[in-house]
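In what follows, chains carry the letters A, B, and so on, assigned in the order in which the sequence lines appear, proteins first and then strands, with residues in each chain numbered from 1.
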2 protein chains.
Amino acid sequence: MIATDMPQLDATFAALSDGTRRAIVARLADGETSLSELAEPFDMSLTAVSKHLRVLSNAGLVDIEKRGRTRHCRLRGAPIKEAVDWLSKYEAFWIDRFDALARHLAKESEK
Amino acid sequence: MIATDMPQLDATFAALSDGTRRAIVARLADGETSLSELAEPFDMSLTAVSKHLRVLSNAGLVDIEKRGRTRHCRLRGAPIKEAVDWLSKYEAFWIDRFDALARHLAKESEK
DNA sequence: CATTTACTCAACCAATTAGTTGACTATAAT
DNA sequence: ATTATAGTCAACTAATTGGTTGAGTAAATG
């Protein structure tokens with residue numbers, strides 16, 4: 001049998017498969033914010049953005065903290081790291097040749 | 001406005017959000033195979049696996065070549081690289097602390 | 001106290017997804 | 001020529017997704 005059952009990875013990749021949610025992640029990388037501020041640049045209802053945020057929250061990508069009447073959102077890195085770790089297993093397929101060459105030469109020059 | 005429209009990235013992350021498809025990717029990293037061979041370990045119909053493979057193919061993650069009556073499948077790295085490149089922008093959030101500390105110390109010691 | 005702000009919640013809708021089965025086509029093997 | 005293999009295609013189903021609106025709650029402000 002093959003390990004197909006990795007719900008955290010499912011959730012992370014699914015969360016990142018939507019442009020609005022990736023934009024939210026990008027925004028949160030610049031600093032914590034409230035939902036309203038997050039929603040402002042998007043051409044959709046606050047409810048819609050709230051739902052996207054919940055998807056990110058369920059995937060563990062953002063932390064939502066109730067502070068007074070606003071919700072403070074913070075980016076969490078752990079799931080992103082897990083995704084990168086998974087993708088890294090297939091490095092051989094996506095490392096571009098210049099990179100690969102550069103690394104090879106770097107290793108050589110260490111000797 | 002924010003760049004939410006990156007259909008290739010949408011497709012790549014969506015394709016990778018399913019365990020069966022990730023298992024197919026993992027299998028193909030070990031070498032090219034036919035659909036039947038790919039399908040063998042899974043507890044689902046050949047049609048179902050064929051559909052998963054089509055999702056991967058549409059996302060550009062695998063290349064399907066008709067060879068006689070079998071389909072030969074090969075992993076393509078470019079979309080994976082694009083995903084890694086996107087995720088790398090948020091490195092600061094997922095680099096683990098030992099790594100981060102090590103880098104910090106390395107930089108300090110350079111002075 | 002009244003109002004505005006920052007949300008949540010429930011109900012609904014249309015589109016997509018992940019799976020099934022049954023019928024079909026094309027190639028290879030006996 | 002017959003049969004088995006490798007796979008596609010169409011039709012169906014159940015669940016999920018991404019969006020909407022309208023009503024409601026909780027906290028800050030006038």
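Proximity of A:Thr12 to A:Ile80: side-chain heavy atoms (C-beta onward) are nowhere separated by under 4.5 Å. Contact check for A:Leu61 versus A:Leu16: side-chain heavy atoms found under the 4.5 Å cut-off. The closest side-chain heavy-atom distance from B:Phe13 to A:Arg22 is below 4.5 Å.
Distance check: B:His52 NE2 to B:Ile24 CD1 gives 6.5 Å after rounding to the nearest 0.5 Å. Rounded to the nearest 0.5 Å, atoms CH2 (B:Trp86) and NZ (B:Lys81) are 15.5 Å apart. In this structure, OG in B:Ser34 is found 10.5 Å from CZ in B:Arg71, a value given to the nearest 0.5 Å. For the atom pair OG1 of B:Thr20 and CE of B:Met44, the computed distance is 3.5 Å after rounding to the nearest 0.5 Å. Taken from CG in A:Leu53 to CG in A:Asn58, the straight-line distance is 10.0 Å, to the nearest 0.5 Å.
The distance from atom CD1 of A:Ile24 to atom P of D:dG18 is 11 Å, rounded to the nearest whole Å. If you measure from atom CG of B:Leu35 to atom C1' of D:dT5, you get 12 Å, rounded to the nearest angstrom. The separation between B:Asp18 atom CG and D:dT17 atom C1' is 15 Å, rounded to whole Å. Following rounding to the nearest Å, B:Asp10 (CG) and D:dG18 (C1') show an atom-to-atom distance of 13 Å. Rounded to whole angstrom, the span from the CG atom of B:Leu38 across to the C1' atom of D:dA6 amounts to 13 Å.
B:Thr20 comes within 4.0 angstrom of nothing in the nucleic acid, heavy atoms only. Nucleic acid contact for A:Ser45: base, since at least one base atom lies under 4.0 Å from a heavy atom of the residue. A:Leu46 comes within 4.0 angstrom of a nucleotide base, judged by non-hydrogen atoms across all strands.
The shortest heavy-atom contact between A:Cys73 and A:Leu35 is SG-N, 4.4 Å.
Taking 4.0 Å as the cutoff to heavy atoms of chain A, we find the contact window on DNA chain C bounded by C:dT4 to C:dA11.
Of the residues in residues 58-73 of chain B, those placing a heavy atom less than 4.0 Å from an atom of DNA chain D are B:Arg69, B:Thr70, B:Arg71, in numerical order.
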